[in-house]
Amino acid sequence: MISITLPDGSKREVSSPTTVHDIAKMIGPGLAKATIAGEVNGTLCDASDLIEQDSYVRIITAKDNEGVEIIRHSCSHLIGHAVKQLFPEAKMVIGPVIDDGFYYDISTTTPFSSEDLLKIEDRMKDLISTEYDVIKKMVRRDKVIEEFTVRGEDYKLRLIEDMPEEQEMGLYYHEEYLDMCRGPHVPNTRFLKNFKLTKVSGAYWRGDSKNEMLQRVYGTAWADKKGLQAYLKRVEESEKRDHRKLGRKLDLFHFSDEAPGSVFWHPKGWTLFLELLDYMRGRQRAAGYVEVNTPDVMDRGLWETSGHWFNYREHMFSTQTEDDRIFALKPMNCPGSVSMFAQGLKSYRDLPLRMAEFGKVHRYEPSGALHGLMRVRHFTQDDAHIYCTEEQMEQECIDVVALVLDIYKDFGFEDVVIKLSTRPEKRIGSDETWDKLEGALTNSLDMMGLEYVLFPGEGAFYGPKLEFVLRDAIGRDWQCGTLQVDMNLPERFDITYVDERGNRDKRPVMLHRALFGSLERFAGILIENYSGDLPVWLSPVQAILCNISAGQEEYIAGLLEMLAKKGFRVEADLRNEKIGLKIRENTIQRVPFMLVVGSKEVEDDNVSVRTRYGDDLGPMTKAEFVSLLEKHIKAKRWINSNDES
RNA sequence: GCCGGAAUAGCUCAGUAGGUAGAGCAGUUGCUUCGUAAGCAAUUGGUCGGAGGUUCGAGUCCUCUUUCCGGCACCA
């Protein structure tokens, strides 16, 4: 007899050995039927695994997060079962769980089409409806190799080679199909009913573009129908706030075949862009930055000195002039900034020197990487380079991190993922230097008590970096702000300052930082974040004056002039149209305030105010409306329909 | 860059088995002067992304190419 402790603290004596499923059955037949897996002494296991000693046991059902993950994992196995029936020559690779779903990488002779995806999904549904049992067996390594050799599963054999220490593997039998997995998995396919295959794409073996491309089948799966439908609905809603769609609808920007990856900003979009720029300029000035401007096109020699020419040559736009000089469009602002620093003698009294530049950079990004405003070939950085002493470095890092997080708050981003990327293989500078630089970043985060995710080997070739990551409408993460510390470029460009004892050869440390990162990308993220309802301070048109009929033009003209003089972005809609149409169209354009002016308002010398959310705020004096606008602009934050007034 | 998909009017999209293009909205013109999400009528828009090919005939089939979309890889 062994003793089993359940989550509620109750204990059961059972004969040994037993299984999670047996325990569930003892508690009740309903629970037994719902059992997907178990957690024994903190470790997930299959419902069929034997328990041979006193244990703490938790039963996992579809109601648990782990249960849903197991469902997803088993769904990926089911892809295998279906694919091998439809395409016997296919070789299965790996099928892991991801956010909201799963995928399976498969090696095939010909790539899957979208029709194939439907065929696979249909076969999976058929297999589910037979409600077959999934059988788990622990099998000795040599037997596993034998099994997969017979079945020609070359990739499974390669995966086994990757785990030389494992002597026994879990094999899951899905009728005639066999998969190798750590598990746990569902005991029966009836748990897998609420799934959908979502897309098929190529993916490199081991994630390396030098390797062959496999077929990746993606899917999503949920505990119940409601969960699945809610997910599909969420995806649909997210697609509606895609910045590329809203950019067209709200007349903010467009792209053209002639300039792939470069934005044509329309007046309204450019208003947003400039507003962001003004905001950042103000914040930086307040934080002790100076602003400079450096050339867009500079000689190849500069890029050789910086190291960019050797590391990024193929991603740079370059040009050859009549005199055979090769110039490159700057892909980064740092070499220009360093040249700026090198101009004239610098004293320790000048440090820290915080030199900002709204530099437009060009990068020849791979064609497949381009994505609306998020990934472009021509973008504007709110860049700055901070030159300081080694002693000042840590405090400067802290100040930058504090500033960027405070700025994000103004846009409603409270949860920002911070990534720390350390030295890459392809790098310049000594290991001692890298130790110091990485130390400065980790120390400053630790001192601020901030969590971060470590990405070993992902740093820039000249220094480690912090990245501040924001999430877009459909859950994709985009790097915005970045902070990099660098002792290498100062070395390469041989920049120095004079210390307090008159030594002229002191080497400053250089911090590269961008807070929005790319203004284009940040604008894109904002459009999605706000779903097109830009807060009043960022709205291209903050209010629109709509007349009821001819006769109010003069009053509106006066009002327009008054508001424009106060610096508000206000327009008039004097078209010979009914007020209903004007309200509709300006609501669709997401103008925060629509001011209705008829003969009544002219007579009372006021305006009737309506919001883009359909709230009628009724008549108010011109002064009242001005203070309403001012209040919103000062608040900066996004205001939803409940508190627009 | 790699795999798959797409490209038809300013926008959203139809286009049936290859038989020289169609809707709604927008635009334009006229009428209407109107009170909080679409007033009425008339009407202009397209070498069907580009280049080749098959065919008596191609938006439709084939090849190449450009751009976009979804992933993968990349992201100084």
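Residue numbering restarts at 1 for every chain, and letters A, B, ... go by the order of the sequence lines.
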Can you check whether [X] has a side-chain N or O nearer than 4.0 Å to OP1 or OP2 of [N]?
X	N	result
A/Arg244	B/G70	yes
A/His371	B/G70	yes
A/Ser113	B/G4	no
A/Arg248	B/U12	yes

Atom-to-atom span, [atom1] of [X] to [atom2] of [N] - whole angstrom:
X	N	atom1	atom2	result
A/Asp573	B/G35	CG	P	16 Å
A/Asn311	B/C74	CG	P	15 Å
A/Tyr103	B/G4	OH	P	19 Å
A/Leu545	B/G35	CG	P	19 Å
A/Lys245	B/C69	NZ	P	12 Å
A/Asp257	B/U66	CG	P	12 Å
A/Asp251	B/A26	CG	C1'	13 Å
A/Phe455	B/C74	CZ	P	13 Å

Where RNA chain B forms stems, i.e. three or more consecutive Watson-Crick or G-U pairs with both distances under 3.5 Å: B:1-7 with B:66-72, B:10-13 with B:22-25, B:27-31 with B:39-43, B:49-53 with B:61-65
Quick one: label [X] by what it contacts on the DNA or RNA (base, sugar-phosphate, nothing), any heavy atom closer than 4.0 Å.
X	value
A/Ala550	base
A/Pro366	base
A/Ser209	sugar-phosphate
A/Gly207	sugar-phosphate
A/Ser599	base
A/Tyr218	sugar-phosphate
A/His512	nothing
A/Pro331	base
A/Lys600	base

Quiz item: A/Arg377 side-chain donor-acceptor pair to B/C75 base, under 3.5 Å: no
hbond_proxy A/Tyr204 side chain to B/G1 base (donor-acceptor, 3.5 Å cutoff): yes
Under 4.0 Å protein heavy-atom contacts per nucleotide of nucleotides 36-45 of chain B, with B for base, S for backbone only and - for none: BBBB------
Using atom [atom1] of each nucleotide, how far apart are [N] and [M] to the nearest Å?
N	M	atom1	value
B/A38	B/C11	P	25 Å
B/G71	B/A9	P	26 Å
B/U44	B/C25	P	16 Å

Any donor-acceptor pair under 3.5 Å linking the side-chain atoms of [Y] with those of [X]?
X	Y	result
A/Lys330	A/Thr294	yes
A/Ser421	A/Glu467	no
A/Ser337	A/Tyr387	yes

Parallel, tilted or perpendicular: ring planes of A/Tyr312 versus A/His315, cut at 30 and 60 degrees: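 Taking A/His315 first and then A/Tyr312, their aromatic rings sit tilted (interplane angle of 30° to 60°).
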Below 3.5 Å, can you tabulate the donor-acceptor pairs from side chains in residues 588-598 of chain A to any protein atom, sequence neighbours excluded?
unit_1: A/Gln589; atom_1: NE2; unit_2: A/Lys249; atom_2: O; d: 3.0
unit_1: A/Arg590; atom_1: NE; unit_2: A/Asp533; atom_2: OD1; d: 2.5
unit_1: A/Arg590; atom_1: NH1; unit_2: A/Thr587; atom_2: O; d: 2.9
unit_1: A/Arg590; atom_1: NH1; unit_2: A/Arg612; atom_2: O; d: 3.4
unit_1: A/Arg590; atom_1: NH2; unit_2: A/Asp533; atom_2: OD1; d: 3.3
unit_1: A/Arg590; atom_1: NH2; unit_2: A/Asp533; atom_2: OD2; d: 3.2

Aromatic ring proximity, centroids under 6.0 angstrom, A/Tyr462 and A/His512: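 Yes - the distance between ring centres of A/His512 and A/Tyr462 falls below the 6.0 Å cut-off.
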Qualifying residue, where the test is side-chain contact (heavy atoms from CB on, under 4.5 Å) with A/His378 and the options are A/Glu365, A/Lys360, A/Glu520: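 Per the side-chain contact (heavy atoms from CB on, under 4.5 Å) rule, the option paired with A/His378 is A/Lys360, out of A/Glu365, A/Lys360, A/Glu520.
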